[in-house]
Every structure is written in C-alpha cells, then in structure tokens.
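To start, the structure itself, in structure tokens.
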Amino acid sequence: ETVNGKLAVRFQPQEELIFRGAASTGFRAPNLAPRYFSKVSTTFIDNVPFEVGLFNNESNVANALGVPALEEETSFNLSGGMAVSPSDNFTFTADVFFVDINDRIILSGNLAGEEIENLVSQFGAQRVQVFSNAIDTRTWGIDLTASYRTLIGDDATLLLKGAFNESRNRLVSDVRTPAALSQGFGESIFGREARLELEKERPENTLNLTSTYEKGPFSLTLGATRYGEVLVPDDTPEEDFRLSEEWIVDMVVGYEVVDDYVTLTVGARNLLDNFPDPTPPGENFLGIFPFSLSLSQGRLH
C-alpha cells in the first residue's frame with residue numbers, strides 16, 4: 001500500500017504566455033518477472049563459458065543470500081515550464097524536470113566465489129543472479145519544443161516542428177547488499193559496467209525535426225532525428241568504446257483517397273540506410289555481433 005499525491009499549478013498572465021509547475025510522488029510495484037522468473041543460461045566471461053542461474057525473489061537461493069522480499073519503487077517528481085505563443089502560427093515550450101527514484105529494482109551481476117558457494121551450493125548453484133531493491137537514482141533534464149505553421153500559396157500548408165531533450169541519469173546511493181553477503185559484493189551486484197550503462201549508455205541529448213507539407217489530398221512528411229554520442233561500457237575501462245552521434249531520416253507520403261475516410265500512405269524508415277559505428281575488433285565476440293547491443297541507437301540496427 002502506498003499513499004501518493006500530486007499538486008499542479010498553471011498561471012496564465014496573458015493569452016500568449018503560460019507558466020506551469022507540478023510536484024508529485026509515485027510508485028511502481030514489483031512485476032511478475034523479478035518476483036517469479038528464473039532461468040539457467042550460459043554466460044561467456046573472457047570467452048570461457050559459465051552456467052549462471054537467475055533465481056527468483058522467493059527461491060531458496062534468494063533466501064539463503066538474505067535477499068529481502070521486493071518492495072515497490074517510490075519516486076518524487078518536480079517539473080516546471082512555460083509556453084509562449086507570440087502568434088497563432090508559432091508556439092514555443094520549455095520544461096525542466098527532476099525525478100528521484102528510491103529502492104529501484106535491479107538485476108544483479110554474476111555473484112560468484114567461495115562465500116556464494118558456501119551459501120547456495122546445497123541448491124546446485126555456483127554463479128547466481130537475483131533481483132533486489134538495491135539502488136536509488138536521480139534523473140533531471142530539459143525539454144524544448146517549437147511548432148510553426150504557414151500557408152504556401154492559396155491552398156497548401158507547411159508545418160514545422162522541433163523537439164530537443166537533454167537529460168542526465170545518476171546513481172545517488174550506495175549499493176545495498178543482501179543480508180548474508182559482505183559489503184564487498186556491492187561491486188558485483190551493480191558494478192562499473194552497470195553504473196555506466198545507467199549514466200552513459202543513453203544519449204545525453206536528442207533532437208527531432210519534422211516538416212509536413214499538405215496540399216489538397218496530398219501530404220508529405222519528412223523527419224530527422226539526431227541521437228547524441230553514447231558510451232558502451234565494460235567492467236574493464238580499456239575496453240570501453242563510444243558510438244558517435246547519428247542522424248536518422250524518415251519520410252512518409254500520403255494521399256486521401258476518400259475525404260475523411262480512406263488515406264493511402266507509403267513511407268520509409270531510416271531512408272538513408274544509416275548504420276551505427278561497428279563494434280571494435282575484439283569486442284564483437286568472434287564477429288557474431290558486428291554492432292553494439294546498446295538500445296540507445298536501436299533504430300539503426
């Protein structure tokens with residue numbers, strides 16, 4: 001059970017200008033996967049295969065490690081911004097946001113060693129992973145948008161839109177370890193690679209630009225998205241590498257066959273067939289993964 005609330009304020013001193021702000025709390029309850037999902041998989045460490053068991057939160061292994069029952073994540077949110085419309089054709093907005101997430105649920109890294117084996121070997125486990133409320137994080141950033149519509153000739157319109165986001169994610173707590181493990185396991189539960197994935201594996205900024213031309217039943221939309229540079233981390237700093245910023249161009253052509261009822265559209269995603277930077281030699285696991293598994297530029301894959 002949780003009690004949450006939200007307070008929102010909107011102030012409009014004149015028709016063309018709006019100020020807004022909000023403060024709220026929230027929660028996310030543990031879902032079925034971290035509570036009940038389990039598996040055994042083969043993980044390669046320095047090209048050597050190991051069997052690693054992921055044990056659910058209510059398993060004997062989790063109990064032996066002293067992993068407490070999962071609790072809900074809780075959050076505190078602040079946001080504020082403004083909207084300006086100096087004319088009927090143009091609107092600009094700017095918003096800032098701040099989010100604290102406490103007791104965030106994460107999947108640990110591979111826990112191994114004599115201390116682990118002494119606790120869980122009776123259950124046939126040697127290397128294990130578990131879910132737990134292990135960390136607190138903080139996110140903040142800014143969103144900017146602009147929209148402009150204009151007439152072209154007597155019966156055509158052009159709509160231009162832009163959106164920019166700059167955001168940061170940070171770990172703001174120590175890593176909480178299960179009761180039966182020493183504090184030294186914090187690095188195994190949420191190590192260097194996991195921390196940098198949280199903080200650096202998403203673009204710190206993105207830019208979206210869209211233009212839409214409409215004339216009668218015909219429409220043409222051209223969009224471009226820029227993803228900023230990201231870091232692909234490893235537990236060994238020398239094996240980190242970066243993906244450079246990338247642009248994605250999309251296009252959609254539409255024709256309204258029957259007014260207000262039927263529209264035919266044809267489009268292309270990643271029109272220029274752009275690919276991300278390839279994974280450096282030695283990091284692509286014998287050439288099987290030519291591109292990074294990072295989700296941040298997934299549309300390029």
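Quick note: numbers below take in every heavy atom, side chains included, and nothing from hydrogens, waters or symmetry partners.
The line from CD of Glu187 to CZ of Phe185 is 12.0 Å long, rounded to the nearest 0.5 Å. Atom CG of Asn56 sits about 5.5 Å away from atom OG of Ser38, to the nearest 0.5 Å. Atoms OG1 and CG, on Thr206 and Asn165 in that order, are 4.5 Å from each other to the nearest 0.5 Å. Distance CG/Asp95 to CD1/Ile142: 8.5 Å, rounded to 0.5 Å. Between Asn102 atom CG and Thr25 atom OG1 the span is 11.0 Å, to the nearest 0.5 Å. Annotation: the span from Leu272 atom CG to Trp247 atom CH2 amounts to 11.5 Å, rounded to 0.5 Å.
Gln183 contributes no side-chain N or O that, together with a main-chain N or O of Thr177, makes up a donor-acceptor pair within less than 3.5 Å. Between the side chain of Asn57 and the main chain of Pro68, a donor-acceptor pair closer than 3.5 Å is present. Side-chain atoms of Asn110 do not come within 3.5 Å of backbone N or O of Ser188 as any donor-acceptor pair. Panel note: side chain Ser79, backbone Phe97; no donor-acceptor pair is recorded below 3.5 Å. Between the side chain of Arg35 and the backbone N or O of Pro30, no donor-acceptor pair lies under 3.5 Å. Between the side chain of Arg195 and the backbone N or O of Phe190, at least one donor-acceptor pair lies under 3.5 Å. Judged purely by atom type and a 3.5 angstrom limit, Ser121 has no side-chain atom pairing as donor or acceptor with the backbone of Asn118. Remark: side-chain polar atoms of Thr279 are paired, donor with acceptor, to backbone N or O of Ser292 under 3.5 angstrom. The main-chain N or O of Glu193 is never found under 3.5 Å from a side-chain atom of Glu201 such that the two would form a donor-acceptor pair. In terms of modelled atom types and a separation under 3.5 Å, the side chain of Ser59 and the main chain of Ala62 share a donor-acceptor contact.
At a threshold of 4.5 Å between non-hydrogen side-chain atoms, the residues Arg168 and Thr139 do not count as touching. Here the side chains of Leu231 and Leu196 are in contact, with some heavy-atom distance below 4.5 Å. Two residues are said to be in side-chain contact when any heavy atoms from C-beta on lie closer than 4.5 Å; Ile116 and Leu65 meet this criterion. Residues Ile106 and Phe131 form no side-chain contact, since every pair of their non-hydrogen atoms from C-beta on lies 4.5 Å or further apart. The closest side-chain heavy-atom distance from Leu158 to Arg149 is not below 4.5 Å. Residues Phe92 and Leu144 are in side-chain contact: their nearest non-hydrogen atoms beyond the backbone lie under 4.5 Å apart. Side-chain contact between Val266 and Val252 is absent, with no heavy atoms from C-beta onward closer than 4.5 Å. Within the 4.5 Å cutoff, side-chain heavy atoms of Glu246 are placed close to those of Asn274.
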| message | For Arg170 and Asp100: C-alpha separation, side-chain torsions, deciding distance, then whether salt bridge (Lys or Arg N to Asp or Glu O under 4.0 Å) applies. | response | CA-CA 10 Å; Arg170 294 293 182 266; Asp100 265 345; over 6 Å; no
| message | Quick one, Thr93 with Arg20, criterion side chain to side chain contact (heavy atoms under 4.5 Å, CB included). Give me CA distance, side-chain angles, the key distance, then yes/no. | response | CA-CA 11 Å; Thr93 69; Arg20 57 199 178 204; 3.8 Å; yes
| request: Kindly determine whether Asn133 and Glu73 satisfy side-chain hydrogen bond (donor to acceptor under 3.5 Å, both in side chains), including the steps that lead there. | output: CA-CA 8 Å; Asn133 297 92; Glu73 300 175 344; 5.8 Å; no
| request: May I have the step-by-step check of side chain to side chain contact (heavy atoms under 4.5 Å, CB included) for Asp234 and Glu238, ending in yes or no? | output: CA-CA 8 Å; Asp234 191 273; Glu238 293 75 17; over 6 Å; no
| Can Leu222 and Val249 be said to form a side chain to side chain contact (heavy atoms under 4.5 Å, CB included), step by step? | CA-CA 7 Å; Leu222 189 66; Val249 177; 4.1 Å; yes
| task | Before giving the answer on side chain to side chain contact (heavy atoms under 4.5 Å, CB included), spell out for Phe27 and Asn4 the whole-Å C-alpha distance, their side-chain angles and the decisive distance to 0.1 Å. | result | CA-CA 8 Å; Phe27 76 98; Asn4 296 280; 3.2 Å; yes
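Using a cutoff of 4.0 Å between basic side-chain nitrogens and carboxylate oxygens, Glu204 and Arg202 are not scored as salt-bridged. A salt bridge links Asp240 with Arg192: the closest approach of a Lys/Arg side-chain nitrogen to an acidic carboxylate oxygen falls below 4.0 angstrom. A salt bridge links Arg242 to Glu229: at least one charged side-chain nitrogen sits closer than 4.0 Å to a carboxylate oxygen. We find that Arg176 and Asp103 are joined by a salt bridge, their nearest charged nitrogen and carboxylate oxygen being less than 4.0 Å apart.
With no hydrogens or angles considered, no side-chain donor-acceptor pair links Asn89 and Ser87 at under 3.5 Å. A side-chain N or O of Arg226 and one of Asn205 form a donor-acceptor pair less than 3.5 Å apart. Side-chain polar atoms of Ser147 and Thr91 form no donor-acceptor pair below 3.5 angstrom.
Within 6.0 Å of atom CZ in Phe218, more than 12 heavy atoms from other residues, nucleotides or ligands are found, so the atom counts as buried in its surroundings. Counted within 6.0 Å of CG on Asp174, heavy atoms from surrounding residues, nucleotides or ligands total 12 or fewer; the atom is thus considered open. The 12-atom threshold is not exceeded at CG of Asp88, counting heavy atoms of other residues, nucleotides or ligands nearer than 6.0 Å. Dense packing is recorded around CD of Gln14, with more than 12 heavy atoms of other residues, nucleotides or ligands lying under 6.0 Å away.
Considering all non-hydrogen atoms of both residues, Ala180 and Ala64 come closest at CB-O, 3.5 Å. Residue Phe90 comes nearest to Ala146 through the heavy atom pair CE1-CB, 4.2 Å, listed as atom of the first residue, atom of the second, then distance. Across all their heavy atoms, Pro13 and Leu17 have their closest contact at CD-O, 3.5 Å. A pairwise comparison of heavy atoms in Thr42 and Pro49 identifies CG2-CB, 3.8 Å as the closest pair. Scanning both residues, Val230 and Pro203, for their nearest heavy atoms gives CG1-N, 3.2 Å. In this structure, Leu78 and Ala23 approach most closely via the heavy-atom pair CD2-CB, 3.5 Å.
Linking ILVMFWY side-chain heavy atoms closer than 4.5 Å, directly or via other members, places Leu198 and Val232 in two distinct hydrophobic clusters. Cluster annotation: Tyr255 and Met251 are assigned to the same hydrophobic cluster (Ile/Leu/Val/Met/Phe/Trp/Tyr, side-chain heavy-atom contacts under 4.5 Å, transitive). Note: the hydrophobic cluster containing Leu220 also contains Tyr148 (ILVMFWY, side chain heavy atoms under 4.5 Å, direct or indirect links). Tracing side-chain contacts under 4.5 Å through hydrophobic residues (I, L, V, M, F, W, Y), one reaches Leu160 starting from Ile152; they form part of the same cluster. Cluster annotation: Leu181 is connected to Ile135 through the hydrophobic network of ILVMFWY side chains, with a link wherever side-chain heavy atoms come within less than 4.5 Å.
Using the six-membered ring where Trp is involved, Phe76 and Phe98 have ring planes that are perpendicular, over 60° apart on the 30 and 60° scheme.
Applying the side-chain hydrogen bond (donor to acceptor under 3.5 Å, both in side chains) test to every pair with at least one member in residues 60-72, sequence neighbours left out, gives no pairs at all.
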